[in-house]
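Worksheet for the structure shown next.
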Amino acid sequence: MTWAKRLKRVFNIDIETCSECGGEIRIIAGIEDPEVICKMLAHLDKKVTQIL
């Protein structure tokens with residue numbers, strides 16, 4: 001079972017269906033390196049702060 005299907009089964013989170021149009025979403029990457037994840041989240045936080 002893929003992790004996307006596990007999310008659906010355990011938490012009822014469907015990441016394979018677009019919430020806007022109901023179309024199919026294709027997962028193209030999974031980022032698991034904690035250092036990379038922290039850098040990405042920090043970058044997004046800076047973008048949000050600039051908007052506010």
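Closest non-hydrogen pair, Ile27 versus Ala4, comes out as CD1-CB, 3.7 Å.
There is no path of hydrophobic side-chain contacts, each under 4.5 Å, that joins Trp3 to Met1.
Arg6 places none of its side-chain heavy atoms less than 4.5 Å from the side chain of Thr2.
Between the CD1 atom in Ile31 and the NZ atom in Lys39 there is a gap of 12.5 Å [rounded to 0.5 Å]. One distance of note links CD1 of Ile15 with NZ of Lys5; it measures 10.0 Å at 0.5 Å rounding. Here the straight-line distance linking atom CD1 of Ile37 with atom CD of Glu32 works out to 7.5 Å at 0.5 Å rounding. Atom CG of residue Asp45 and atom CE of residue Met40 lie 14.0 Å apart, to the nearest 0.5 angstrom.
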